[in-house]
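What you are looking at is a predicted structure, and each value in this text was computed from that prediction instead of being measured. Chain letters run A, B, ... following the sequence lines, proteins first, then strands; residues in each count from 1.
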Amino acid sequence: MDAEEKVARLVSADAVLVLRCQANDIEAFDEIVTLYKDGIYNYIWRMVSSREDAEDLAQDVFVRAYGAIKTFRRESNLRTWLYRIATNLCVDKYRRRGLEKQLFVPIEQSRKDDDGHSQTLDLPDVSNEPQRIYENAELQMEIQRALMNMPDKLRSALLLFDFEGLSYEEIAETVNCPVGTVKSRIFNARVQLRDMLRPYVDV
Amino acid sequence: MDCKEFSQIMGEYVNRTLDADAAKAADAHTDACSECAARMRELACTSAMIRSLARANTPDGFEAQVRARIADQCAAQQSGFWFTVQERLQSLGRLLWGTPGHRLSVGPALAALMLCVVAAGSLYVFAPNHKTPAPETDWAYINTVKDQHASYAGSNPLGDESAAALRESTSESGETM
Ligand SMILES: [Zn+2]
């Protein structure tokens, strides 16, 4: 395949970034990290329910991606490839600590920075009434707990669809299963979430 | 559409991935059937919940940390390589001069082999630039890819804006890539 033919297949900036990485352009890899770090970090945070672990695991995703980028096939999708690495790392992590898994895993509400100030989590600003904000933070904790109590296959499908906005096809590529399976996993996750969060489900 | 048919498409209805016609039929059913409408709203609520979950900014210095870890890994791989070479030579040495009971059985053949290995090894070790060279950046190739991508995607065949962004970033950095 000559260079022109190769280029004719390029349709996105992602493909260019991958090609540049494969030609050892380190700046292209930095661009990939900048583009995808927020999505990967937040997805992992919600998968493992810990921001500290999420930071470490998200770094791990990119370190592994760097190591494997030479083997990346051009017809693959960079985004789903990164989410795939992330999903596998989360599931591994979860398995390793499986024995000490608590029934209810509390989500961190806030973290203190070096000066002892709480960092806000950018909760959606429902109103300025403290009561409402408290309720909202509490609900967020309950949602996260419910997520942690469902099988990781259901959790990842639901998060990839609702939280990260991936399509069925992208999720199928990410978790390596048929599109039909993705749909039923999302559905089953919704049913479980609804049952666990009955008091909060307003109809 | 009856309740059974509705339940088969309810998942996609909640996900908002039905095509227009199917969505219309589903709308009509939920307008007429309060039971299905209630089930649908319950499930739709889970979508609203997940979408409402807070997102956090990636911690400061994230990119720098990733770079540092990549550098560490490369360094570890290099020292790992030298450790392996050293270990191999040591075990060969043990085989030749080590435990007395084995010395005779090893015999001259292995000694000759050892000589070859040592000779080859020292050639490698003492040759200039014996360390794994840093991969060379293929700038010519990168420039071609970038230019051709810019002109190809510039015609915007798939509504892809990346070419414009690429041109901008290249001209900003002032490099002739
Ligand atoms: Zn019905």
So for A/N188, is it side chain, backbone, both, or neither that comes closer than 4.5 Å to the heavy atoms of chain B? neither
Which answer fits A/R198, side chain, backbone, both or neither, if we ask what part of it has an atom under 4.5 Å from a heavy atom of chain B? side chain
Contact part of A/S184 toward chain B, heavy-atom cut-off under 4.5 Å: side chain, backbone, both or neither? neither
Applying a strict 4.5 Å limit to non-hydrogen atoms, the region of A/L147 in contact with chain B is side chain
Is the shortest side-chain N to carboxylate O distance from A/D162 to A/R190 below 4.0 Å? yes
Please state whether the side chain, the backbone, both or neither of A/K37 comes within less than 4.5 Å of a heavy atom of chain B. both
Just so I know, are the side chains of A/E170 and A/E164 near enough to count as touching, which here means a heavy-atom distance under 4.5 Å? no
Could you go step by step and tell me if A/R51 and A/Y41 meet the side-chain contact (heavy atoms from CB on, under 4.5 Å) rule? CA-CA 8 Å; A/R51 289 178 85 182; A/Y41 171 69; 3.5 Å; yes
Carboxylate-amine/guanidinium proximity below 4.0 Å for B/E42 and B/R39: no
When A/V61, A/V63, A/I186 are compared by non-hydrogen pairs under 4.5 Å with chain B, the top option: A/V63
Could you check which of A/F29, A/F161, A/F62 has the highest count of heavy-atom pairs closer than 4.5 Å to chain B? A/F161
Say you draw a straight line from CD1 of A/I171 to CG of A/L159; how long is it, rounded to the nearest 0.5 Å? 10.0 Å
Contact part of A/A146 toward chain B, heavy-atom cut-off under 4.5 Å: side chain, backbone, both or neither? neither
